[in-house]
Amino acid sequence: MRVLGVIPARGGSKGIPDKNLRLLKGKPILQYTIESARSARCLSRLILTTDSEAIAEEGRRLGVEVPFLRPAELGRDDTPMAPVVRHAVRFLESNGDHFEAVCLLQPTSPLRRAEYIDGCYELLTSNQADTVLTVLPVPHRYNPFWLYLERDDGWLEPALGKCEIGTRQELPPCYLREGSVYLFRRQVLRDRDSLFGERTLGYPVDPGRSVNLDSLEDWERAEQLLEQAGQ
């Protein structure tokens, strides 16, 4: 199976200005994702998609392929990820390169390991899954069966419409999308215009190495985790 690795890195960022060009422990955050992707065994090709020439130049300096600059309308704050990936895949297909699966690797998850990528690939292929994504277990106290939503009138109602489960032992396992790896079949993007198919599996990862760089507090935590790991 040919798998395309896609690293999306747009130019604008509000939470952490210019975060895709910012150094994390002396290395551009792009470099962490490039290194883990290159160490993975399952990726057939790896590209960077960006709307920024500065990020493209940095990517090329780090040795990743940048075959195009994506259109400005695909670099807004509210741009979903599916159109960004679809643009990249169609560009490559128009130039004669085709893939059975796509692996989305966001640079804002710099602590992912290559084994996460390969582990997701093994799950995808061995279980005939449509999508595999990295996940974190949700503590039982935050399980959606025990959550309530506040209505406009101020009254609370069960988030799932029911709350019959009374003990922790009765709760079904619940997982949070971790964000460092999304692996999905090409046909899912084509048929559903989405990264998520009907048959989705989760690949649990180490919570102690999970961080998503959305704020300066996240950045500080990433630095601390890298320091603890001796990196």
Side-chain angles (χ1 to χ4, degrees), residues 1-13 19-21 28-53 55-76 79-114 116-121 123-125 129-134 177-197 200 203 212-213:
M1 176 183 288
R2 298 200 74 234
V3 181
L4 172 66
V6 177
I7 303 174
R10 66 184 183 88
S13 175
K19 68 180 174 184
N20 284 315
L21 292 174
I29 66 166
L30 277 175
Q31 186 170 344
Y32 291 92
T33 294
I34 293 169
E35 289 174 351
S36 63
R38 283 180 171 165
S39 297
R41 302 184 306 274
C42 67
L43 300 183
S44 307
R45 185 176 180 182
L46 179 67
I47 68 165
L48 170 68
T49 170
T50 182
D51 60 331
S52 164
E53 182 55 54
I55 293 176
E57 182 179 346
E58 179 67 6
R60 295 186 192 102
R61 187 187 71 81
L62 294 169
V64 70
E65 183 183 356
V66 189
F68 55 81
L69 282 181
R70 80 168 92 137
E73 62 267 22
L74 293 180
R76 298 194 299 261
T79 301
M81 195 54 66
V84 173
V85 178
R86 184 175 63 245
H87 172 266
V89 171
R90 287 180 174 174
F91 180 93
L92 298 182
E93 288 177 343
S94 69
N95 285 274
D97 204 358
H98 298 267
F99 301 87
E100 287 77 44
V102 181
C103 185
L104 178 66
L105 303 167
Q106 300 183 93
T108 47
S109 296
L111 303 189
R112 92 174 51 71
R113 293 170 170 156
Y116 296 173
I117 302 171
D118 288 328
C120 287
Y121 176 81
L123 277 180
L124 186 83
T125 55
D130 295 321
T131 302
V132 179
L133 61 153
T134 48
R177 237 175 12 184
E178 189 265 347
S180 62
V181 181
Y182 296 87
L183 180 63
F184 48 95
R185 296 182 187 272
R186 171 65 179 99
Q187 66 193 45
V188 172
L189 188 64
R190 182 189 64 232
D191 298 343
R192 300 170 65 96
D193 196 25
S194 171
L195 314 185
F196 304 97
T200 296
Y203 181 85
N212 195 317
L213 300 177

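The first residue of the sequence shown is numbered 1, and numbering continues consecutively from there. Remember, predicted model here, so these are calculated numbers, not experimental data.
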Can any side-chain N or O of R192 pair as donor or acceptor with the backbone N or O of F196 at less than 3.5 Å?
yes
Side chain to side chain contact (heavy atoms under 4.5 Å, CB included) between V6 and C103: does it pass, once the steps are laid out?
CA-CA 6 Å; V6 177; C103 185; over 6 Å; no
Please report the shortest heavy-atom distance between R10 and T50, naming the atom on each side.
CA-OG1, 4.2 Å
About how many Å separate OH of Y203 and OG1 of T134, when rounded to the nearest 0.5 Å?
9.5 Å
So does R190 have more than 12 non-hydrogen atoms from other groups sitting under 6.0 Å from CZ?
yes
With distance as the sole test, does D118 use its side chain to make a donor-acceptor pair with the main-chain N or O of C42 at under 3.5 Å?
yes
Side chain to side chain donor-acceptor pair (under 3.5 Å): pairs with one or both residues in residues 95-104, sequence neighbours excluded:
R2-D97, R45-D97
Are the side chains of V85 and F184 in touch, meaning some heavy atoms are under 4.5 Å apart?
yes
Counting distance only, does the side-chain N/O of D130 pair as donor-acceptor with the main-chain N or O of T200 below 3.5 Å?
no
First locate atom CG of L46, then atom CG of L4, and finally report the distance between them rounded to the nearest 0.5 Å.
8.0 Å
E57 atom CD: more than 12 heavy-atom contacts under 6.0 Å:
no
In sequence, state the C-alpha distance, the side-chain angles, and the governing distance for R177 and L133, and then conclude on side chain to side chain contact (heavy atoms under 4.5 Å, CB included).
CA-CA 7 Å; R177 237 175 12 184; L133 61 153; 2.8 Å; yes
Find the distance between CD1 (I34) and CG (L105) and round it off to the nearest 0.5 Å.
10.5 Å
For L189 and A82, work out which heavy atoms get closest and say how close.
CD1-O, 3.9 Å
How far apart are the C-alpha atoms of E53 and R60, what are their side-chain angles, what is the distance that settles it, and do they pass the salt bridge (Lys or Arg N to Asp or Glu O under 4.0 Å) test?
CA-CA 10 Å; E53 182 55 54; R60 295 186 192 102; 3.1 Å; yes
Among L43, V181, V132, L183, find the one that has a side-chain contact (heavy atoms from CB on, under 4.5 Å) with Y121.
L183
All heavy atoms of Y116 vs all of S180, minimum pair found to be CD1-OG, 4.1 Å
Flag side-chain contact, heavy atom, 4.5 Å: P8 against L104
yes
Could you work out, with ring pair (Phe, Tyr, Trp, His ring centres under 6.0 Å) as the rule, every residue matching F68, not counting sequence neighbours?
H87, F91
Does E93 form a salt bridge (Lys or Arg N to Asp or Glu O under 4.0 Å) with R186? I'd like the steps, not just the answer.
CA-CA 11 Å; E93 288 177 343; R186 171 65 179 99; 2.8 Å; yes
Hey, is the main chain of L195 close enough, under 3.5 Å, to the side chain of T131 for a donor-acceptor pair?
yes
From S194 OG over to M81 CE, what is the distance, rounded to the nearest 0.5 angstrom?
12.5 Å
Closer than 3.5 angstrom, by distance alone: can the side chain of T108 be matched with the main-chain N or O of N212 as a donor-acceptor pair?
no
Counting N and O atoms only, with roles assigned by atom type, does the side chain of R112 sit under 3.5 Å from a partner on the main chain of S109, one being a donor and the other an acceptor?
yes
Shortest non-hydrogen contact between I47 and P67, atoms and distance:
CB-CD, 4.0 Å
Under the salt bridge (Lys or Arg N to Asp or Glu O under 4.0 Å) rule, what do E35 and R38 come out as? Steps first, then yes or no, please.
CA-CA 5 Å; E35 289 174 351; R38 283 180 171 165; over 6 Å; no
Any donor and acceptor pair, going by atom type alone, linking the side chain of R185 with main-chain N or O of A101 inside 3.5 Å?
no
Measuring from atom CG of L30 to atom CG of L62, what distance do you get when rounded to the nearest 0.5 angstrom?
6.5 Å
Set of residues satisfying salt bridge (Lys or Arg N to Asp or Glu O under 4.0 Å) with respect to D51, sequence neighbours excluded
none
Give me the one residue out of N20, T33, I55 that meets side-chain contact (heavy atoms from CB on, under 4.5 Å) with I7.
T33
Minimum heavy-atom distance R61-P28, with the two atoms named:
NH2-CG, 3.9 Å
How many angstroms lie between atom CG of L74 and atom OG1 of T49, to the nearest 0.5 angstrom?
7.5 Å
Can you find a heavy atom in the side chain of M1 that is under 4.5 Å from one in the side chain of F99?
no
